[in-house]
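Here's the structure, in structure tokens; my notes come after.
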Amino acid sequence: MRAEPGACRMLVADICIALVVVAIFGLNFVAIKIALVAFPPLFLTGLRFLLAAFPGVLILKPPRTSVRIVVAFGLCLGVVKFGLLFLGMALGMPAGLSSLVLQTQVFFTIGLAFLVFGERPSRLQLLSALIAGCGVGVIAVWQGQHALLGPFLLVIGAALFWGVANVVVKAAGRIDMLALMVWGSLVAAPPLLALSLVVEGPDAITSAVQKADAWSWSAVLFIAYPTTMLAFALWNRLLSRYPAVTVTPFALLIPIIGLSSSRWLLDEPFEIADAAGAALIFFGIALNVLVAWLRQRRAGDTRPASIITTALRDHPAP
């Protein structure tokens, strides 16, 4: 039995696929942390995008949009967002907490959409942003007491530039996101590797490549292929079969999986202050997604996607 486009009820098999996708996205933060033990952060980021670009660019045609959009997307998402994320995690930001804090990109996206497109947020959306902002404040104060405010702010910066990338995607219109990700990876890899040579140095890169074990290389391959190619392909498949309002709420499971898997696999500490801040952030994000979900349901999912839906629909996680 095949689901018709526009159907709201998902088949059991497709629910399982959605759960596999969010599990991959959530576990990706653990893989990043493992890979950062062996590789310098900028080099790892560049290596991730180099591998993600090939052999993808040999298989997928460039997305039907301007070169300027592809370049802007690659630089904002690949170079700046992921560069800041990997650097912040390398300096001590926990993987689980990163998976949640990074989702504040939704609120940066809302603010940028108001400035660029004039999309005025509702009072409930502003309330949800305030709630999540309080959570960010709690975590910032706590991390500051433990000399981790710098890494925390780097991840917040990554969330900001994820929001910028969402605005670029919104400006591009409805395009093949997998193709945009692959060709954007081709844009991102060279400047990241060049930055790594200048900042981290060829000696550090050579040493890391020579000393990395099979576990570290497996983490790199997981970051580059199952996350970028497989998960995005499956996510796009679901979006082609169902309304965005049916699929996007699954993205809320990503930080839950990220937090639980990092606690279980990496034995990362999760203090009471972290838990309180995380709860506020998650509640704010969930409330925001619910607002977008209700709006699109009332419109029969026929209106152009809002910037909030775009933020969780097109590329819900690294």
| request: Decide yes or no for Phe222 and Asn28: does some side-chain heavy atom of the first lie under 4.5 Å from some side-chain heavy atom of the second? | output: yes

| said: I'd like to know if Phe283 and Leu126 are part of one continuous hydrophobic network [Ile/Leu/Val/Met/Phe/Trp/Tyr, side-chain heavy atoms within less than 4.5 Å]. | reply: no

| So, do Lys211 and Phe39 sit near enough that their side-chain heavy atoms are less than 4.5 Å apart? | no

| task | Using atom types as modelled and distance alone, determine if a side-chain donor or acceptor of Lys81 lies under 3.5 Å from a backbone N or O of Ala159. | result | no

| field | side-chain hydrogen bond (donor to acceptor under 3.5 Å, both in side chains) involving Thr104 - partner list, sequence neighbours excluded | value | none

| query | Does Phe82 have Arg48 sitting over its ring (NZ/CZ under 6.0 Å from centre, angle to axis within 45°)? | reply | yes

| For atom CH2 of Trp264, is the number of surrounding heavy atoms from other residues, nucleotides or ligands below 6.0 Å larger than 12? | no

| field | Audit row: Lys61, Asp176, salt bridge (charged side-chain N to carboxylate O under 4.0 Å, His left out) steps and yes/no | value | CA-CA 10 Å; Lys61 295 180 180 180; Asp176 184 345; over 6 Å; no

| field | Euclidean distance, Ser128 OG relative to Ile285 CD1, rounded to 0.5 Å | value | 9.0 Å

| field | Side-chain H-bond candidate by donor/acceptor type, Ser216 with Asp213, under 3.5 Å | value | yes

| Listed by chain and number, what are the salt bridge (Lys or Arg N to Asp or Glu O under 4.0 Å) partners of Arg68, not counting sequence neighbours? | none

| Would you call Phe86 and Leu42 a side-chain contact if the rule is heavy atoms closer than 4.5 Å? | no

